[in-house]
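Worksheet for the structure shown next.
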2 protein chains.
Amino acid sequence: MEIAWIGTGIMGAPMARRLIRAGHRLRVFNRTPEKARALVNDGAVLASDAASAANDARTIFIMVPDTADVEAVIGKIQPSLTRGQLVVDMSTVAPEFERRTAEQLAQLGVDYLDAPVSGGETGAIEGTLTIMVGGDEAAFNRARPLLELLGKRITHMGASGAGQTTKLANQIAVALTLEAAAEALLFASKGGLDPGRVLEAIGAGAASSWQLNNLGPKIIAKDYRPGFFVKLIRKDLRLVTEAANQHGIALPGLNLMTSMFNATAALGHDLDGTQALAEALLKLATVE
Amino acid sequence: MEIAWIGTGIMGAPMARRLIRAGHRLRVFNRTPEKARALVNDGAVLASDAASAANDARTIFIMVPDTADVEAVIGKIQPSLTRGQLVVDMSTVAPEFERRTAEQLAQLGVDYLDAPVSGGETGAIEGTLTIMVGGDEAAFNRARPLLELLGKRITHMGASGAGQTTKLANQIAVALTLEAAAEALLFASKGGLDPGRVLEAIGAGAASSWQLNNLGPKIIAKDYRPGFFVKLIRKDLRLVTEAANQHGIALPGLNLMTSMFNATAALGHDLDGTQALAEALLKLATVE
């Protein structure tokens with residue numbers, strides 16, 4: 001089989017689908033098999049476990065939630081990995097884990113890239129993800145044609161782990177920029193303005209951001225359907241905090257956002273989109 | 001005289017210059033006259049005080065730092081204001097003050113708009129400012145042709161004060177989005193990445209913002225020359241805090257940014273550009 005795709009959730013499924021539609025043959029596996037079944041209709045072969053999905057595949061993609069999940073997948077596929085295979089982990093996990101895994105697989109002659117993405121479900125569907133890659137340049141060049149089917153801005157950031165470090169930097173910016181949008185819109189509403197009009201007025205200037213322009217309208221509509229789960233940004237910010245501690249930095253905005261997203265989860269929004277932060281802010285910041 | 005322009009600082013001077021270059025006749029006044037003199041070379045007439053600048057002008061623009069400064073200008077020009085004149089305050093000041101002033105001038109038959117801007121010195125020079133206007137619709141329509149020479153996105157936000165409330169919402173977003181950029185870049189640098197490359201990788205996705213893309217390169221170059229003074233964003237955040245208290249909201253990110261910009265000022269950067277926040281963050285957040 002040409003490609004194995006392990007992890008077909010909210011991000012993995014539309015990404016795998018783009019490869020299938022570009023003419024690639026895929027074997028797919030997901031821990032909850034129902035989520036992989038729709039891809040079978042698109043032409044994918046459903047594997048019964050991760051190891052049999054990966055077996056003989058030239059390129060093995062992994063897109064699962066957390067470090068422990070990637071670790072479990074690696075544990076299952078490693079016994080059958082053979083020289084010349086390429087594993088591309090597109091999950092967002094600890095940079096340190098990726099460095100260790102790349103070293104470990106290098107001993108088997110297997111290439112390993114960390115290639116986490118940004119851009120959410122919409123980016124996954126439309127193939128406009130930002131992809132940040134760490135690992136050997138030769139392996140990067142090998143993966144590139146497939147990555148180009150998934151994303152628009154694909155950058156080789158450096159050695160193994162560098163993709164994840166970039167992604168975590170990205171998540172710091174995502175979290176605080178969302179807070180910026182949510183606080184600005186709450187202030188505007190409480191100040192008697194039409195928040196939609198505020199969005200029009202400020203959405204192209206110095207306050208503008210992807211978060212404001214894309215999630216601002218959802219905040220105003222109180223549409224908390226997930227593009228990107230609160231649960232997952234909480235996981236990402238935990239990874240950032242661990243890495244920041246390793247680098248000897250204490251980021252005040254990161255700490256604030258950890259508290260804010262924990263509060264958002266505590267208020268029942270863990271499986272809502274990150275924009276539900278605005279609902280938590282409304283409940284927590286309004287003192288009258 | 002057609003137009004009076006009071007306040008020709010870092011923002012006011014290039015804005016006034018755009019009106020002159022479009023063929024309008026301007027009388028200018030600045031508390032520190034040296035700053036107005038360059039405009040005389042462009043064809044403006046220099047007035048000896050605010051009252052004589054405003055005298056008989058059809059439209060009087062004000063662009064000064066703070067509420068007390070606008071109050072002082074209004075105090076000086078009010079005795080000679082006559083029915084039919086239009087005063088456009090483009091400073092960023094308290095919404096409540098604008099409402100009071102508009103009422104007061106309405107009794108003289110003088111129109112008053114609050115029309116604060118966003119976009120910094122570059123926006124002022126290039127005429128690409130975002131302009132947020134509060135006040136009567138008729139007065140807005142009267143001012144519009146002149147405002148169109150100064151900005152690209154010009155929005156009538158509602159009654160008097162609504163322009164300032166919008167601007168303050170904008171400043172909340174500006175401040176927190178800058179923190180987002182600064183923390184992301186610090187994390188990336190401490191994580192061993194080339195921050196310029198990180199900017200390329202994440203500058204078009206979910207983390208993207210005007211602050212990241214415009215001030216990120218300056219942060220990386222440690223170029224703290226002012227586009228927008230730390231001193232002025234501190235003033236703006238004070239106005240936000242006052243208004244937020246009036247609306248009964250307590251914004252955690254706003255509070256953080258008040259502390260962060262106070263720290264930036266305390267470290268000697270009050271007359272640097274807002275991006276000097278990154279320098280304060282580096283000094284305050286690095287624990288090893």
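For a residue to count as touching a neighbouring chain, one of its non-hydrogen atoms must lie under 4.5 Å from one of that chain's; by this rule A/Val117 does not touch chain B. Heavy atoms closer than 4.5 Å to chain B are found in the side chain of A/Thr155, but not in its backbone. Interface remark: A/Leu251 contributes backbone and side-chain atoms alike to the contact with chain B (heavy atom separation under 4.5 Å). Looking at B/Ser118, the atoms closer than 4.5 Å to chain A (heavy atoms on both sides) all sit in the side chain, from C-beta outward. Using a 4.5 Å cut-off between heavy atoms, A/Leu256 contacts chain B through its side chain alone, with no backbone atom that close. Of the atoms belonging to A/Met257, not a single heavy atom falls under 4.5 Å from chain B. In this structure, chain A has heavy atoms under 4.5 Å from both the backbone and the side chain of B/Leu168.
In terms of non-hydrogen atom pairs under 4.5 Å with chain B, the most contact-rich of A/Ala182, A/Gly123, A/Ala188, A/Gly253 is A/Gly253. Of all the listed residues (A/Ala206, A/Ala180, A/Ala207), the one sharing the greatest number of non-hydrogen pairs under 4.5 Å with chain B is A/Ala206. When each of B/Met157, B/Glu200, B/Gln171, B/Glu179 is scored by its heavy-atom pairs under 4.5 Å with chain A, the top score falls to B/Met157. Each of A/Leu178, A/Val240, A/Leu129 has some count of heavy-atom pairs under 4.5 Å with chain B, and the biggest count is that of A/Val240. Interface summary for chain B: among A/Gly119, A/Ser259, A/Pro252, the most heavy-atom pairs under 4.5 angstrom belong to A/Pro252. Looking only at heavy-atom pairs under 4.5 Å with chain A, the residue among B/Asp194, B/Asn170, B/Val174 that has the most is B/Asn170. In terms of heavy-atom pairs under 4.5 angstrom with chain A, the leader among B/Gly120, B/Ala173, B/Gly192 is B/Ala173. Interface remark: of the candidates B/Glu183, B/Met132, B/Arg153, B/Gln211, B/Glu183 forms the most heavy-atom pairs closer than 4.5 Å to chain A. Per-residue heavy-atom pair counts under 4.5 Å with chain B were compared for A/Thr130, A/Leu193, A/Asn214, and the maximum is reached by A/Leu193.
Taking both residues in full, the closest heavy atoms of A/Pro226 and A/Ile10 are given as O-CD1, 4.0 Å, listed atom of the first, atom of the second, then distance.
Between A/Thr274 atom OG1 and A/Phe261 atom CZ the span is 5.5 Å, to the nearest 0.5 Å. To the nearest 0.5 Å, atoms OG1 (A/Thr92) and CG (A/Leu232) are separated by 8.5 Å. A/Asn255 contributes atom CG, which lies 13.5 Å from atom CE of A/Met260 (distance to the nearest 0.5 angstrom). Atoms CD1 and CG, from B/Ile154 and B/Leu150 in turn, are 7.5 Å apart once rounded to the nearest 0.5 Å.
Annotation: side chain of B/Leu113 is not in contact with side chain of B/Met90 (no heavy-atom distance under 4.5 Å). Between A/Thr177 and A/Leu212, the closest side-chain pair of non-hydrogen atoms is not below 4.5 Å.
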Just do the side-chain hydrogen bond (donor to acceptor under 3.5 Å, both in side chains) check on B/Glu279 and B/Tyr224 with the steps written out, would you? CA-CA 9 Å; B/Glu279 185 68 28; B/Tyr224 302 135; 2.5 Å; yes
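Taking a cutoff of 4.0 Å between a charged side-chain nitrogen and a carboxylate oxygen, B/Glu103 and B/Arg99 do not qualify as a salt bridge.
The closest side-chain donor-acceptor pair between A/Thr128 and A/Lys152, if any, does not fall under 3.5 angstrom.
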